[in-house]
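Below is one structure; the comments refer to it alone.
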Amino acid sequence: MRTPIIAGNWKMNKTMAETKAMITELAPKVKDANAEVVLCVPYTDIQTAKRAAKGTNIKIGAENVHWAESGAFTGEVSAAMLKELKCDYVIIGHSERRQYFGETDETVNKRTQAALAAKIRPIVCVGETEEERENGLTEKVLERQIVEGLKGFKSKDFDKIVIAYEPVWAIGTGKTATATDANTTIGYIRHLLAKKFHKSIAEKTRIQYGGSMNVKNCKELMKEEEIDGGLIGGASLKPDDFAFIVNYDK
Ligand code: PEP
């Protein structure tokens with residue numbers, strides 16, 4: 001049995017004061033959740049978020065991590081730094097990082113290695129663009145992202161790695177993959193994990209759906225067999241909406 005995981009991705013939103021207010025309001029609304037609850041927040045909010053979430057079931061993550069231990073990488077943050085803040089999770093390879101900041105499958109792989117070495121759980125994002133989808137390339141793109149991005153990882157690593165399938169055309173656009181389509185594509189990712197890694201890895205790895213998941217569509221998406229949770233952007237900024245999604249099974 002895979003425990004569902006609902007994770008928020010705040011992107012470049014919320015000050016420290018807003019972080020404290022949001023988590024204080026959210027915590028009682030999600031305290032009985034059956035899913036694992038995670039908020040991935042800007043670096044500057046991590047310490048405030050950890051303090052506000054202390055004693056609750058809300059785990060805190062970052063939105064990126066560099067692979068080097070230290071050095072001349074202006075603007076970057078290492079896994080050891082995140083570990084010191086007691087970060088539980090980190091998002092890696094989000095499509096916005098791939099699109100605007102030159103993230104590649106190779107850097108996704110290196111960042112994932114660094115996170116695991118620091119005992120931080122990586123949420124590795126994959127997904128096709130609209131153009132790739134229209135050209136019938138979805139499966140090919142996902143295969144490349146999974147094979148290259150997760151190359152070299154062992155079975156025990158997949159106890160920690162979460163995969164987020166996020167079709168790029170559905171992120172922040174209000175367009176959602178239908179529950180059936182999302183289920184089929186996530187089923188394909190699971191098939192890839194079995195073929196390229198091992199059947200047991202395919203069975204145990206949690207795969208989220210992400211892309212305009214909200215209060216209206218979360219129940220339908222979460223009913224699907226292959227979907228083990230959601231990575232939520234816009235709707236994770238509002239306590240009531242995020243709590244509703246976390247409590248999708250109530
Ligand atoms: C995301 O940023 O990972 C995301 C899924 O965003 P949204 O929910 O706003 O589409």
Side-chain angles (χ1 to χ4, degrees), residues 4-14 18-19 22 26 30 35-43 45-46 49 58-65 87-101 103 108 111-112 115 121-130 132-133 138 141-142 145-146 149 161-179 181-183 185-186 189 206-222 224 226-248:
I5 169 168
I6 306 288
N9 171 19
W10 281 4
K11 312 194 186 197
M12 196 171 72
N13 291 294
K14 294 201 187 288
E18 289 166 345
T19 297
M22 159 105 192
L26 179 70
V30 298
E36 196 175 347
V37 187
V38 182
L39 285 174
C40 296
V41 305
Y43 292 135
D45 291 333
I46 293 172
I58 303 171
K59 294 181 179 145
I60 302 300
E63 299 176 13
N64 193 17
V65 62
C87 247
D88 306 292
Y89 279 88
V90 60
I91 297 174
I92 293 173
H94 189 277
S95 67
E96 286 149 19
R97 302 281 332 157
R98 293 181 191 256
Q99 199 177 342
Y100 308 134
F101 302 100
E103 196 79 62
V108 166
R111 290 181 204 274
T112 306
R121 293 169 182 257
I123 299 178
V124 178
C125 302
V126 297
E128 79 287 359
T129 63
E130 186 146 41
E132 288 162 344
R133 182 183 173 84
T138 300
V141 168
L142 290 174
Q145 291 175 337
I146 294 285
I161 295 171
V162 174
I163 296 174
Y165 167 59
E166 299 207 303
V168 182
W169 49 269
I171 298 178
T173 58
K175 291 186 205 167
T176 329
T178 63
D181 281 354
N183 191 58
T185 310
I186 290 177
I189 294 172
R206 292 185 293 176
I207 311 179
Q208 301 171 305
Y209 168 78
S212 299
M213 194 157 166
N214 56 37
V215 295
K216 293 208 185 93
N217 57 29
C218 64
K219 285 183 190 276
E220 206 190 333
L221 284 158
M222 289 302 297
E224 297 289 341
E226 301 288 0
I227 302 179
D228 302 320
L231 184 56
I232 325 290
S236 73
L237 297 169
K238 300 179 206 133
D240 283 337
D241 285 16
F242 190 62
F244 186 94
I245 298 171
V246 164
N247 294 312
Y248 68 88

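Order of appearance sets the numbers: ligands from 1, and atoms from 1 within every ligand. As a basis for the values below, the full set of heavy atoms in this structure was taken, side chains included, without hydrogen atoms, waters or symmetry mates.
- Considering CD of Glu63 and CZ of Arg97, their distance stands at 9.0 Å, rounded to 0.5 Å.
- The protein non-hydrogen atom at the shortest distance from atom 4 (C) of ligand 1 is Gly233 N, 3.6 Å.
- For atom 5 (C) of ligand 1, the nearest non-hydrogen atom of the protein is Glu166 OE2, 3.1 Å.
- For the pair Glu130 and Lys175, the salt-bridge criterion is met [side-chain N within less than 4.0 Å of a carboxylate O].
- Listed by atom number, the atoms of ligand 1 under 4.0 Å from Gly211 heavy atoms are 5 (C), 10 (O).
- Remark: Tyr165 OH to Thr138 OG1 distance equals 6.0 Å, nearest 0.5 Å.
- Set against the non-hydrogen atoms of Leu231, the atoms of ligand 1 under 4.0 Å away are 3 (O), 5 (C).
- Of the inter-residue distances, the one linking Glu220 atom CD with Lys216 atom NZ reads 13.0 Å to the nearest 0.5 angstrom.
- The number of heavy-atom neighbours closer than 6.0 Å to CD of Glu132, taken from other residues, nucleotides and ligands shown, is above 12.
- Between Pro239 and Leu26 the shortest heavy-atom distance is O-CD1, 3.6 Å.
- Results of the side-chain contact (heavy atoms from CB on, under 4.5 Å) test with Asp228 over Met222, Arg206, Gln208 single out Arg206 as the only residue that passes.
- In the vicinity of Gly172, heavy-atom distances shorter than 4.0 Å reach the ligand 1 atoms 7 (P), 9 (O), 10 (O).
- Summary of contacts: the protein heavy atom closest to atom 9 (O) of ligand 1 is Gly234 N, 2.9 Å.
- In this structure, Ala235 has no heavy atom closer than 4.0 Å to ligand 1.
- Taking every heavy atom of Ser212 and a limit of under 4.0 angstrom, the matching atoms of ligand 1 come to 7 (P), 8 (O), 10 (O).
- Of the heavy atoms in Ala164, none comes closer than 4.0 Å to ligand 1.
- When only non-hydrogen protein atoms are considered, atom 1 (C) of ligand 1 lies nearest to His94 NE2, 3.2 Å.
- The Asn9 neighbourhood of ligand 1 comprises atoms 1 (C), 2 (O), 3 (O), with distances under 4.0 Å to a heavy atom of that residue.
- Remark: ligand 1 and Lys11 share an N or O pair separated by less than 3.5 Å (distance only, no angle test).
- Contact detail for Ile123 and Cys40: the closest heavy-atom pair is CD1-SG, 4.3 Å.
- Residues Val30 and Ile6 fail the side-chain proximity criterion, which asks for heavy atoms closer than 4.5 Å.
- Of all atoms in ligand 1, numbered sequentially from 1 with element shown, those under 4.0 Å from a heavy atom of Ala170 are 10 (O).
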